[in-house]
Chemist: 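Sharing a structure here in structure tokens format.
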Amino acid sequence: MDSTISGSEGSPLVDGYDEQDCRRLRGQPGDDERSPFARDLDRLIYTPAFRRLEGKTQVAPAGEADFFRTRLTHTLEVAQVGRRLAESINRRADAARVAAGTSQWIDDPAAVRALPAEQQKVDPDLVEAAAVLHDLGHPPFAHVGEEALNDAVEQAGAKWGLPETGGFNGNAQSFRLATRILSHHGEKRGLQMTIAVLDASLKYPWVAGDPHAPRREVWSVNPTETDDLEEIRGELPCSFRYQQTLEAQIMDWADDVAYSVHDLDDWNRAGYMPLTRLALEKAEQEHFVEFVISRRASDNPDVLHTRLAALLRDPDGPFEQFRIEHAAAKPIFDANSGAARRAIRRLRGNVFGDAMTRFRIGIRPGLDPDDPALDIPRRYVFEFKPDESAQFKVSVLKELLWMYVVDDARMATQQHGHRKVIMGLMDALQEAARRSELRLFPQDRRRYMAKKTSEPLEYLRTVADYVCGLTDADALRLYERLQSGGAGLHHYA
């Protein structure tokens, strides 16, 4: 039986979404065979910002080795995990509806909202589009580039006499690209995307510097895009202003899963991860446990120690295959051997098995969806909740990356250099912009910046836009040109 209904643009749309979800920011519905959310996904895939992710660092710099994920392949994997989670949710919902004698598809979004949580569906195109969008604004050199840009914007703001800049955050830059910088057609700004997709991309749905935000060190909206956030969330009760939507929670979990498992695979192949020693040697296990405890000051150390030790030695856990291969006298210490690859596949399968199946859809705590006074979109009523043990397992794998990769001296020294590149670029370019000496910028950037001279913060933001849009290689070449005149005459930054 068909489990979709017709969307406002004439094509299949999972039930439960209303006209407000499908409304476009500064755009109009079109006559199209695709659903509104499928159109958003396609629109994102064809942007230059998406293509540039191929040349941007995930953890290792782009081009370091052919097996390392780039920001592009990571984004695609997050999108794939998110879509598969959405499809799994819908299969469960279909089965629950069959058991309850409920229709597989329902025209009225209000009727869908009234269904029990286990019968709620999510649109896979919406989740996939949100996953692609949330990574679109990441700068060169990954998180060290993000931190350097944040510091550079703040320092430039002080020179420009700006009381508040909002710093720089890759998630906020993604929202800025979609709502202000990238274009679809006509004179209107942004990609003219649906409200539901934009909302689902907000991993940290608040403005930089908001004193009431749950976390001050991260955000998904710059001060220059406050009006866009208000158009998306302005009518929400205050208690929901800082909450992720149902689809954003799925996207966020997909991001964690992909990062923890796929990047672990890369660095095991690169020889950084002593996973066999971790599986076999008590001293290595204790060393790792102490590292994790030192990073989680808010956790009870005794409880955390017990849980970590149990996970590392669990006969059904992610590290068991390393012990099996070692017992069979295989060359497990060679990270590229068949035995090692079997072990890492088992680890991936163990984590993915839990992450993709051990979750539930529930009503957000404290809500009564039947309350007529509760006038909020359906995407805020329900929540996606992974199993706590699955969350713990994923968090432990992320700690492995911190201990064996991020804290490694080889990585730290390279990141030190990358930080100098970003800071150097921003220092030279913001100074040129402040003096209205735009010859250092490409022609298209000059024309855009010439329109912003009366808005100092927006003007500074355009400099950060330019640096953020560079690939790793572009940033290195431009830095060399600015510092010494080297790197050849022509480049495409």
Side-chain angles (χ1 to χ4, degrees), residues 58-60 64-65 67-69 74 77 81 253 256-296 299-358 386-412:
Q58 169 58 13
V59 178
E64 180 78 19
F67 58 81
F68 278 119
R69 267 78 174 173
H74 168 74
E77 288 169 346
V81 172
W253 177 237
D256 281 348
V257 172
Y259 174 76
S260 65
V261 177
H262 294 146
D263 290 344
L264 190 73
D265 186 8
D266 290 352
W267 291 98
N268 181 66
R269 289 189 64 185
Y272 277 63
M273 290 282 181
L275 295 180
T276 300
R277 290 209 317 270
L278 192 64
L280 297 172
E281 299 176 8
K282 188 173 182 179
E284 190 68 30
Q285 292 172 0
E286 288 297 328
H287 180 43
F288 175 64
V289 168
E290 290 171 5
F291 174 82
V292 176
I293 290 174
S294 71
R295 281 173 47 84
R296 300 191 183 187
D299 290 359
N300 183 305
D302 294 331
V303 173
L304 185 56
H305 188 286
T306 300
R307 293 192 71 186
L308 287 166
L311 178 64
L312 292 170
R313 298 163 191 165
D314 184 358
D316 296 317
F319 302 102
E320 178 61 19
Q321 190 66 31
F322 290 92
R323 290 186 282 269
I324 292 172
E325 297 290 347
H326 180 76
K330 304 293 184 183
I332 189 65
F333 288 100
D334 177 0
N336 289 299
S337 67
R341 293 190 181 188
R342 284 192 296 273
I344 201 73
R345 280 198 299 270
R346 168 73 180 270
L347 183 152
R348 288 202 313 262
N350 182 283
V351 176
F352 266 113
D354 284 354
M356 302 297 284
T357 60
R358 298 178 65 177
D387 183 82
E388 195 278 332
S389 64
Q391 292 184 68
F392 180 73
K393 189 180 295 186
V394 165
S395 73
V396 170
L397 296 189
K398 291 170 72 174
E399 296 288 2
L400 284 170
L401 288 166
W402 274 99
M403 177 169 170
Y404 292 117
V405 179
V406 178
D407 276 7
D408 186 277
R410 291 165 291 185
M411 178 65 71

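Hydrogens, waters and symmetry mates are skipped; everything else that's a heavy atom, side chains included, is used. In this text the structure is predicted, and so the values were computed from the model without any measurement.
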Chemist: Would you say that Met356 contacts Val81 through its side chain, given a criterion of any heavy-atom pair below 4.5 Å between the two side chains?
Modeler: yes
Chemist: Parallel, tilted or perpendicular: which one describes the rings of Phe322 and Phe319, with boundaries at 30° and 60°?
Modeler: tilted
Chemist: Would you give the length of the straight line joining atom CG of Leu304 to atom CG of Leu308, rounded to the nearest 0.5 angstrom?
Modeler: 4.5 Å
Chemist: Side chain of Asn350, backbone of Asp316: donor and acceptor closer than 3.5 Å?
Modeler: yes
Chemist: Do His287 and Pro274 have side chains that approach each other closer than 4.5 Å (heavy atoms only, starting at C-beta)?
Modeler: no
Chemist: Do the side chains of Phe352 and Thr357 get nearer than 4.5 Å, heavy atoms only?
Modeler: no
Chemist: Under a 4.5 Å cut-off applied to non-hydrogen side-chain atoms, are Leu280 and Arg323 in contact?
Modeler: yes
Chemist: Is the shortest heavy-atom distance from the side chain of Val351 to the side chain of Leu264 under 4.5 Å?
Modeler: no
Chemist: Classify the ring geometry of Phe68 against Trp267: parallel below 30°, tilted from 30° to 60°, perpendicular beyond 60°.
Modeler: tilted
Chemist: Drop me the distance from Leu312's CG to Glu286's CD, to the nearest 0.5 angstrom.
Modeler: 9.0 Å
Chemist: May I ask you to decide if Val292's main-chain N or O and Trp402's side chain share a donor-acceptor pair within less than 3.5 Å?
Modeler: no
Chemist: Determine, for Arg348 against Glu77, whether the closest basic-nitrogen to carboxylate-oxygen distance falls under 4.0 angstrom.
Modeler: no
Chemist: Within a strict 4.5 Å, meaning less than it, do heavy atoms of the Tyr272 and Leu400 side chains meet?
Modeler: no
Chemist: Is any side-chain heavy atom of Lys282 closer than 4.5 Å to one of Arg313?
Modeler: yes
Chemist: Who pairs with Gln321 by side chain to side chain donor-acceptor pair (under 3.5 Å), at least two apart in sequence or on another chain?
Modeler: Glu325, Arg346
Chemist: Find out whether Met273 and Leu401 are in side-chain contact, i.e. whether some heavy atom of one side chain is under 4.5 Å from a heavy atom of the other.
Modeler: yes
Chemist: Roughly how far, to the nearest 0.5 Å, is the OG atom of Ser395 from the CZ atom of Arg307?
Modeler: 8.0 Å
Chemist: Supply the atom-to-atom distance Gln391 CD to Asp354 CG, rounded to the nearest 0.5 angstrom.
Modeler: 11.5 Å
